Structures are given as C-alpha cells and as structure tokens.
2 protein chains.
Amino acid sequence: MKKRQKSRREECPVARSLEVVGDRWSLLIIRNAFDGIRRFGEFQKDLGLSKSVLASRLHALVSNGILRVEPSADGSAYQEYGLTEKGRGLFHVVVGLRQWGEAFLFSQNEEHSVMVDRSSQESVHTLELRSQHGKLLTPNDVVVKKVRVREGSRSKIPG
Amino acid sequence: MKKRQKSRREECPVARSLEVVGDRWSLLIIRNAFDGIRRFGEFQKDLGLSKSVLASRLHALVSNGILRVEPSADGSAYQEYGLTEKGRGLFHVVVGLRQWGEAFLFSQNEEHSVMVDRSSQESVHTLELRSQHGKLLTPNDVVVKKVRVREGSRSKIPG
DNA sequence: CCGTATCCATTCCGATACTG
DNA sequence: CAGTATCGGAATGGATACGG
C-alpha cells in the first residue's frame with residue numbers, strides 16, 4: 001500500500017505481505033476473486049465499497065502482480081480481473097481468516113468449513129481446516145486436495 | 001476495528017476477521033506475540049510504532065479476547081500481554097502471510113520456512129508449509145507438529 | 001457498464017509532553 | 001519502564017459528478 005518509512009518492517013516477511021495486502025479491502029477483493037468474481041461491477045456490488053476505492057485497490061493489486069487484467073470471457077468489451085499465481089498463493093491466508101472467523105467470531109457452532117478456489121476454470125483447489133472453538137490445528141485436521149469440476153458449475157459458497 | 005455500516009461484510013467470516021485484525025498493526029503485534037514478545041516496550045521497540053498507537057491496538061486486542069493481560073513472569077511490577085487461545089487461532093494466518101511474503105516478495109530463493117509458536121512456555125506449535133515461488137500447496141507440503149522444548153530456549157527467528 | 005476526478009469527512013499515526 | 005493526553009498532518013474511504 002503505502003511505503004512505510006523505516007523500522008524493521010521491511011525485514012519481516014509478514015510485514016512485507018501486510019504492506020501489500022494489509023489494508024481493509026485487498027484481502028476481501030482477493031477472497032471474491034477466489035470465489036470466481038471477475039468484473040468490476042461484481043466486486044463493487046458484493047463488497048459495497050465506492051467505485052473510486054475499488055478502482056484504486058484493483059490497480060494496486062494488478063501493479064503488485066496479484067491480479068491480472070484479462071480480456072472478458074464473454075463478448076463484452078470490458079476487461080476482467082483474474083488472480084495470478086502469486087495471488088493464488090494467498091489462498092491460505094484467506095482460508096485462515098475464514099476459519100478463524102468461523103471458529104471465534106459469532107460462531108453458530110459450525111463443525112468445519114470448506115473453502116474452494118474457483119478462480120481457475122479447470123480445477124478447484126480445496127483446503128479444509130477442521131478447527132472449531134478454540135481448538136488448535138492438529139495434523140489430522142488438515143486436508144488439501146485438488147478436484148476437477150465440470151464447466152460452469154459455480155455454486156455460491158457462504159462467507 | 002471500526003464498525004462498518006452495512007453491506008454484506010458482516011455475513012462473511014473473512015470480513016468479520018478482518019474487522020478485528022485487518023488493520024496495519026494488529027497482525028504484526030500478534031506475530032510478535034507468537035515470537036514470545038510480551039512487554040509493552042518490546043513491542044514498541046520491535047515494531048517501531050508510537051506508544052499511543054500501540055496502546056490503542058493492545059487495548060483493542062485485549063478487548064477482543066485475542067490478547068490477555070497477565071502478571072509479569074519476573075518480579076517487575078508491570079503486566080505483560082499474552083495470546084489467548086483465540087489469539088493462537090490466528091497462527092495460520094500469520095504463517096500464511098509469512099510464507100507468501102517469502103515466496104513472492106523479494107524472495108532470496110528460500111527453500112521453505114518454519115514458523116514457530118513461542119507464545120506458550122511449555123510446548124511449541126510448528127507449522128511448515130513448503131511452498132515456494134508460485135507453487136501451490138499440495139498435501140505433502142503441510143506438516144503440523146507439536147514439540148516440547150526446554151525452558152529458556154528462545155531463539156530468534158528471522159522475519 | 002466501466003471507470004476517473006474531485007471534494008469532504010473520518011480515521012490513523014507519529015511526535016511530544018506528562019504522570020506514576 | 002509503562003502508559004495517557006493532546007495535537008496536527010497524512011492517508012483512507014464515501015458520495016457525487018463526469019466521460020469512454
């Protein structure tokens with residue numbers, strides 16, 4: 001986002017990451033991108049933020065190599081925004097935030113949850129973290145798998 | 001952090017999480033807490049932020065149940081800040097950010113990295129995610145383990 | 001429909017000074 | 001050392017209006 005003056009922030013990978021996606025909107029935009037959202041208007045409607053802010057965040061994410069501008073899939077003359085591999089690398093972070101939110105914030109006692117990467121048309125990357133209510137992760141709680149899905153199956157996932 | 005007016009943010013666990021730790025300092029403070037930092041001055045020195053901001057973040061984290069005020073271990077009359085279980089639940093998020101930063105931001109070609117939870121005196125919680133340079137995670141890349149360490153062994157970990 | 005430009009309110013942050 | 005109080009500047013975000 002903004003360049004921080006000095007301090008030891010630059011030496012810390014966590015700080016460097018936060019420097020890029022640590023604002024209040026970027027990770028939400030990325031989350032939507034994982035959910036298959038690709039158009040300006042879709043982002044805006046789903047997130048409910050102003051157009052100027054969205055445009056600025058989108059540009060920053062593109063300039064940081066997290067999103068990429070692509071020609072629209074359908075005929076429309078407008079471009080779309082898709083995750084790069086670098087952007088997909090944030091899958092864990094988003095999943096972690098989601099898990100934590102479900103486990104510790106107004107939880108409705110969900111058993112576990114699944115987050116699906118729908119940003120790629122061909123395969124779907126799934127990560128399950130079966131944690132809930134203050135339970136720390138154990139090896140048996142982690143499931144990572146890749147599954148192939150048929151075209152056009154894009155169900156809505158909650159959260 | 002701040003209460004967002006309406007939109008669908010509240011319905012999304014990711015958004016709820018970001019509402020609490022989505023500012024520029026909280027996750028850095030939490031990261032330090034995982035590294036065993038417990039005192040006001042230590043946080044301030046390591047992070048290089050102003051005292052007023054640190055105090056405000058610390059209070060917010062305590063009031064959100066992520067940190068907890070504890071009596072100082074040594075004799076000093078001052079209190080310390082320790083992670084709660086809820087706070088420890090953010091381990092993944094911090095690890096994910098760290099991994100991503102190492103893999104995609106000014107990477108020096110590190111093979112993989114290990115992040116260690118040193119916030120608890122008794123056991124150390126370790127999560128390895130062997131991802132690097134645009135490689136998405138596969139099941140074999142995830143290692144979660146708990147190891148016991150002897151007292152006082154608190155090595156400095158980079159980042 | 002997809003943005004950009006401008007304006008304004010709010011928030012955030014650092015510096016400083018002060019208390020115990 | 002561990003905070004609190006205050007202040008001013010910078011950054012952020014929303015609303016609106018405008019153009020491709």
Side-chain angles (χ1 to χ4, degrees), chain A residues 1-10 15 18-30 32-33 37-64 67-82, chain B residues 1-10 15 18-29 32-33 36-64 67-82:
Chain A
M1 222 73 279
K2 203 74 280 310
K3 189 72 73 49
R4 224 98 207 117
Q5 41 279 41
K6 9 198 76 246
S7 84
R8 300 178 43 235
R9 284 171 68 96
E10 287 75 15
L18 257 15
E19 207 80 31
V20 179
V21 295
D23 69 296
R24 204 127 47 225
W25 292 112
S26 293
L27 281 171
L28 254 14
I29 292 172
I30 291 162
N32 275 10
I37 289 189
R38 301 176 58 79
R39 306 268 296 240
F40 189 94
E42 293 180 297
F43 284 112
Q44 203 212 341
K45 182 157 66 150
D46 193 88
L47 261 18
L49 80 177
S50 73
K51 297 204 283 186
S52 49
V53 175
L54 177 59
S56 124
R57 288 291 163 266
L58 250 19
H59 287 161
L61 290 171
V62 168
S63 111
N64 283 323
L67 292 180
R68 173 176 42 202
V69 172
E70 298 165 358
S72 72
D74 57 353
S76 85
Y78 305 110
Q79 54 195 11
E80 304 187 345
Y81 299 88
Chain B
M1 218 75 276
K2 204 76 278 311
K3 189 70 76 43
R4 224 96 207 120
Q5 43 277 44
K6 8 200 73 253
S7 85
R8 299 177 43 235
R9 283 171 68 96
E10 287 76 15
L18 257 15
E19 206 81 30
V20 179
V21 295
D23 69 296
R24 201 131 46 229
W25 292 112
S26 293
L27 281 171
L28 254 16
I29 293 172
N32 276 10
I37 289 189
R38 299 176 60 78
R39 306 266 296 240
F40 190 94
E42 292 181 298
F43 284 113
Q44 204 211 339
K45 182 158 67 151
D46 192 89
L47 261 19
L49 79 176
S50 71
K51 297 204 284 184
S52 50
V53 174
L54 177 58
S56 125
R57 286 291 161 267
L58 249 20
H59 287 160
L61 289 171
V62 168
S63 111
N64 283 324
L67 292 180
R68 173 177 41 200
V69 173
E70 299 164 358
S72 73
D74 58 352
S76 85
Y78 305 112
Q79 54 195 10
E80 304 187 344
Y81 299 88

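Chain letters run A, B, ... following the sequence lines, proteins first and then strands; every chain starts at 1. Keep in mind that what you see is a predicted model, and the values were worked out from it rather than measured.
Side-chain contact check for B:Tyr78 versus B:Glu80: every heavy-atom pair is 4.5 Å or farther apart.
When the P atom of C:dC13 is taken as reference, atom CG of A:Asp23 falls 12 Å away, rounded to whole Å. The nearest whole Å value for the distance from the NZ atom in B:Lys45 to the P atom in D:dC1 is 8 Å. Summarising the geometry, the separation between CG on B:Leu54 and P on D:dT4 is reported as 10 Å, rounded to the nearest angstrom. Between A:Leu58 atom CG and C:dC1 atom C1' the separation is 15 Å, expressed in whole Å. Rounded to an integer number of Å, the gap from CD of B:Glu42 to C1' of D:dG3 is 16 Å. Across the protein-nucleic acid pair, B:Glu80 atom CD and D:dC1 atom C1' stand 13 Å apart, rounded to whole Å. Going from atom CD1 of A:Ile29 over to atom P of D:dT12 covers 13 Å, rounded to whole Å. A:Glu19 places its CD atom 12 Å from the P atom of C:dC13, with the value rounded to the nearest Å.
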Assess the residue pair A:Val20 and A:Ser26 against the criterion (side-chain contact (heavy atoms from CB on, under 4.5 Å)); give the C-alpha distance rounded to whole Å, side-chain angles, the decisive distance to 0.1 Å, and a yes or no.
CA-CA 8 Å; A:Val20 179; A:Ser26 293; over 6 Å; no

Go through it in stages, so that I can follow the logic: the residues are B:Leu67 and B:Ile29, the test is side-chain contact (heavy atoms from CB on, under 4.5 Å), and I'd like the CA-CA distance, side-chain angles, deciding distance and then a yes or no.
CA-CA 10 Å; B:Leu67 292 180; B:Ile29 293 172; 4.2 Å; yes

Check the pair A:Phe40 / A:Gln79 against side-chain contact (heavy atoms from CB on, under 4.5 Å), numbers first and verdict last.
CA-CA 9 Å; A:Phe40 189 94; A:Gln79 54 195 11; over 6 Å; no

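Distances from the side chain of B:Gln79 to the nucleotides C:dC12, C:dG3, D:dG3 place D:dG3 closest. With C:dC13, D:dT12, C:dT4 as the choices, the nucleotide that has an atom nearest any side-chain atom of A:Arg57 turns out to be D:dT12.
The shortest non-hydrogen separation linking B:Phe43 to B:Ala33 is CE2-N, 4.0 Å. Heavy atoms only, all atoms of each residue included: A:Trp25 and A:Arg57 are closest at CB-CG, 4.0 Å. Of all heavy-atom pairs between A:Leu49 and A:Gln44, the closest is O-CG, 3.2 Å.
OP1 and OP2 of C:dC2 both lie 4.0 Å or more from every side-chain N or O belonging to A:Tyr81. Taking side-chain N and O atoms only, A:Arg39 has a distance below 4.0 Å to OP1 or OP2 of C:dC2. Listed pair A:His59 / C:dG3 fails the phosphate criterion, with no side-chain N or O lying under 4.0 Å from OP1 or OP2. In this model, the phosphate group of C:dT11 is not approached by any side-chain N or O of A:Arg24 to a distance below 4.0 Å at OP1 or OP2.
Not counting sequence neighbours, B:Ser56 has no partner by the side chain to side chain contact (heavy atoms under 4.5 Å, CB included) test.
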Enumerate the protein-to-nucleotides 16-20 of chain C contacts in which both atoms are nitrogen or oxygen and the separation is below 3.5 Å.
residue, atom, partner, partner atom, Å
C:dG20, N2, B:Tyr78, OH, 3.3

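Of the possible polar contacts, none joining the B:Asp46 side chain to the B:Glu42 backbone as a donor-acceptor pair under 3.5 Å is found.
Where pairing requires Watson-Crick or G-U contacts shorter than 3.5 Å, the helical stems of DNA chain D with at least three consecutive pairs are C:3-20 with D:1-18.
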